[in-house]
Amino acid sequence: MERWPRSRRIALCIALAALLYLPGLGRPALWEPDEGRYAEIAREMIESGDWITPRNNYVRYFEKPPLMYWATAASMRILGPSEFAVRLPVALFTIGQIAIICALGEAMFGALAGLLSASLFALSPLIFGASRFLTLDPALAFFITLALGAFYTAGDIAKLGSGPGRRLIALSAAAMALGAMTKGLVAPALSGAIALAWLIASRRGRDAVHIPWLTCAAIFGAITLPWFVLAAMRNPGFIHFLLVHEHFERYLASSEHGWGPLFFVPILLGGTWPWIMFAPAAVRRIRDTTAAVHERSALLFLMIWFIAVFVFFSIPRSKLGLYVLPGVPPLAILAGYGLSRLVAANDLPRRRALGWFAATNLVIATAAVIAIEVLILRSPDLSGVRMGAIAAVWAWAAGSIAAFAADRLARSPLAPIAAILIGGLVAMVALGQVRIATRNTNSYRELARAIAPELREGCTLASYRHLVQSLPFYTGSREALVSYRGELAPFGDSADAAASFIASDAALKALWDSNKCVVLVANRKDLRMLEALLGPLRQLAAEGRKVAVTNRSSRR
């Protein structure tokens with residue numbers, strides 16, 4: 001494959017990634033809360049024709065900029081409102097990131113390292129899992145990877161002041177702007193800080209004068225300003241809420257998702273296992289005095305990249321596991337290079353490395369299976385994922401053991417690598433089944449389908465003290481929230497949002513006793529309290545923790 005042109009190798013990565021990431025993408029129901037929220041925002045953009053002001057449950061919603069909503073809405077316009085359509089942009093962003101990693105890994109360490117970097121990244125549990133959920137983080141990670149990849153290529157290969165270098169810097173600026181349109185200022189802040197830190201650490205700070213700053217500012221402004229200006233003109237208070245509250249106040253607050261500074265360590269280890277074991281070997285190899293200058297420069301860039309992302313997202317207590325996605329590419333590139341070095345290693349060092357790899361994976365697989373069994377015993381609702389999870393764990397172990405055996409039996413030095421990748425591929429297929437098996441634990445597609453006929457006959461849909469994010473998407477109806485505002489509160493007082501709320505239990509009681517038909521969705525644990533408030537309840541359907549009841553005595 002090293003004799004192929006680089007474009008063919010990248011195309012191969014894209015094709016294989018598509019075969020891995022697209023099948024079965026639309027089978028699971030939308031997961032609560034993120035998938036339901038973002039799918040509904042996109043659906044309402046299509047329904048209203050307003051692509052400037054995002055709305056969630058028909059309430060203005062400015063927690064994030066709109067690029068991912070636009071991509072999701074465009075997919076639904078083409079393919080129709082389905083789970084596959086809403087998840088397709090996320091999968092495509094991940095596939096695009098795989099292609100960038102292939103090209104960047106090759107530019108840093110050679111063709112084989114580039115192919116392996118992309119392969120290991122694609123076969124990461126964290127990346128594979130994130131690509132099958134509608135969230136904003138895979139798109140943000142794509143744009144940060146594109147921005148940093150373009151900057152590194154401009155600074156280390158094309159040279160900043162050259163024509164190709166300036167074009168790559170312009171591409172980097174555009175990627176930062178698109179990242180800002182995805183999840184705010186974190187994309188330009190992180191990407192810019194990493195790029196400049198690399199120049200300074202490389203004792204090339206003066207090269208910053210070659211960056212076309214005005215061109216970059218013009219590109220950034222041309223991409224971001226139109227939407228910000230239009231949204232601000234139509235929505236007073238929008239700028240302060242998005243830029244001040246969502247960026248600075250939430251970053252410094254610890255009111256939600258409160259975790260310590262080591263929160264991402266187990267996520268990264270589990271989410272990149274087992275290939276993360278090859279990254280330290282790559283670092284040791286590059287730090288050797290015989291390493292080439294460009295390899296040392298690449299290592300410095302990758303280390304700054306990873307550390308900056310890890311530290312930035314570890315500082316606030318408010319964080320989620322997918323926030324660390326932009327920090328995975330540098331680890332994958334280092335691991336890909338470390339694995340590629342096994343091909344050139346002498347027999348004894350290679351066999352020792354593969355032996356340790358197999359033994360470690362066997363021990364960890366055994367411990368993981370025991371942990372899975374204990375978890376299932378404590379949470380019987382997860383029993384459906386048991387076989388898939390165990391199959392994934394043993395696939396990784398089997399791949400590592402097969403790699404050790406192939407090194408002794410096969411003549412090709414690529415045989416152990418092939419065994420490792422095949423084991424990872426089988427593991428990803430098994431994890432795909434785990435994703436499908438979890439569909440009933442926190443999603444409400446079947447509940448929505450059961451109540452949709454009632455809504456078509458004129459009933460009001462209400463939800464008791466919770467927002468079930470996917471119900472408006474599946475039913476096409478507004479969900480009136482009883483005694484609850486939650487994340488819709490900042491713009492919940494606007495006139496167009498009034499119908500999305502029922503202010504109190506007393507107001508629900510008045511509506512329930514009127515001649516209007518009501519379908520109420522509530523948690524099972526609240527049914528007894530609701531019966532005391534509303535009287536006998538007729539149950540329509542139930543799924544997971546939710547139950548739908550109605551004040552209609554019988555179907556008309």
Side-chain angles (χ1 to χ4, degrees), residues 16-17 19-29 31-32 35 87 91 94 119-133 264-278 321-322 324-325 328 331-332 335 339 354-406 416-443 544:
L16 294 178
L19 290 174
L20 175 64
Y21 279 71
L22 297 184
L25 192 63
R27 287 183 62 186
W31 193 265
E32 290 286 329
E35 287 200 299
R87 294 187 184 116
T94 305
S119 300
L120 297 179
F121 180 84
L123 297 175
S124 306
L126 179 62
I127 302 303
F128 182 79
S131 73
R132 307 184 82 75
F133 286 90
F264 292 118
V265 172
I267 291 173
L268 283 170
L269 288 176
T272 60
W273 194 265
W275 59 254
I276 190 64
M277 294 177 65
F278 296 107
L322 295 186
V324 80
L325 287 181
V328 178
L331 296 179
L339 185 55
L354 290 173
W356 276 108
F357 183 63
T360 304
N361 273 285
L362 184 59
V363 171
I364 290 178
T366 303
V369 169
I370 294 172
I372 290 170
E373 296 290 359
V374 172
L375 180 62
I376 298 301
L377 287 175
R378 294 183 176 180
S379 303
D381 291 343
L382 298 176
S383 59
V385 310
R386 176 178 176 273
M387 293 305 297
I390 292 176
V393 169
W394 284 120
W396 283 310
S400 62
I401 294 170
F404 179 70
I417 293 176
I420 292 171
L421 296 182
I422 292 172
L425 177 61
V426 174
M428 293 307 105
V429 173
L431 286 180
Q433 296 304 308
V434 170
R435 171 69 177 97
I436 294 171
T438 59
R439 64 187 181 274
N440 292 327
T441 59
N442 200 31
S443 58

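These values consider heavy atoms only, across backbone and side chains, with no hydrogens, waters or symmetry-generated copies. Quick caveat: nothing in here was measured; it's all calculated off a predicted structure.
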Gap separating the [atom1] atom of [X] from the [atom2] atom of [Y], nearest 0.5 angstrom:
{"X": "Tyr21", "Y": "Leu25", "atom1": "OH", "atom2": "CG", "result": "11.5 Å"}
{"X": "Met277", "Y": "Ile364", "atom1": "CE", "atom2": "CD1", "result": "6.5 Å"}
{"X": "Leu325", "Y": "Ser131", "atom1": "CG", "atom2": "OG", "result": "10.0 Å"}
{"X": "Ile372", "Y": "Met387", "atom1": "CD1", "atom2": "CE", "result": "10.5 Å"}
{"X": "Leu425", "Y": "Leu123", "atom1": "CG", "atom2": "CG", "result": "6.5 Å"}
{"X": "Leu322", "Y": "Leu126", "atom1": "CG", "atom2": "CG", "result": "6.5 Å"}

- Message: List the residues meeting side chain to side chain donor-acceptor pair (under 3.5 Å) with Arg132, not counting sequence neighbours, and say none if there are none.
- Response: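 Arg132 satisfies side chain to side chain donor-acceptor pair (under 3.5 Å) with no other residue.
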- Trp275: partners by side chain to side chain donor-acceptor pair (under 3.5 Å), with sequence neighbours left out: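 Side chain to side chain donor-acceptor pair (under 3.5 Å) check on Trp275 returns Ser124.
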- Pair listing, side chain to side chain donor-acceptor pair (under 3.5 Å) test, anchored in residues 363-374, at least two apart: Glu373-Arg386
- Query: Which pairs with one or both residues in residues 419-428 pass side chain to side chain donor-acceptor pair (under 3.5 Å), sequence neighbours excluded?
  - Reply: none
Nearest heavy-atom pair of [X] and [Y]: which atoms, and what distance?
{"X": "Phe121", "Y": "Ala332", "answer": "CB-CB, 3.8 Å"}
{"X": "Val434", "Y": "Ala389", "answer": "CG2-N, 3.3 Å"}
{"X": "Ala391", "Y": "Ala430", "answer": "CB-CB, 4.0 Å"}
{"X": "Ala406", "Y": "Pro416", "answer": "CB-N, 4.1 Å"}

- Query: Sequence neighbours excluded, which residues qualify as ring pair (Phe, Tyr, Trp, His ring centres under 6.0 Å) partners of Phe264?
  - Reply: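 Not a single residue meets the ring pair (Phe, Tyr, Trp, His ring centres under 6.0 Å) criterion with Phe264.
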Quick one: side chains of residues 396-405, donor-acceptor pairs under 3.5 Å with protein atoms, not counting sequence neighbours, listed by atom name and distance.
residue: Ser400; atom: OG; partner: Ala397; partner atom: O; Å: 2.7

- Query: If only atom types and distance count, is the side chain of Asn442 paired as donor or acceptor with the main-chain N or O of Glu32 below 3.5 Å?
  - Reply: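 Yes, the answer is positive, given that a donor and an acceptor are paired below the 3.5 Å cut-off.
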Within a strict 4.5 Å, meaning less than it, do heavy atoms of the [X] and [Y] side chains meet?
{"X": "Leu20", "Y": "Leu16", "value": "no"}
{"X": "Leu268", "Y": "Val328", "value": "yes"}
{"X": "Trp394", "Y": "Leu362", "value": "yes"}

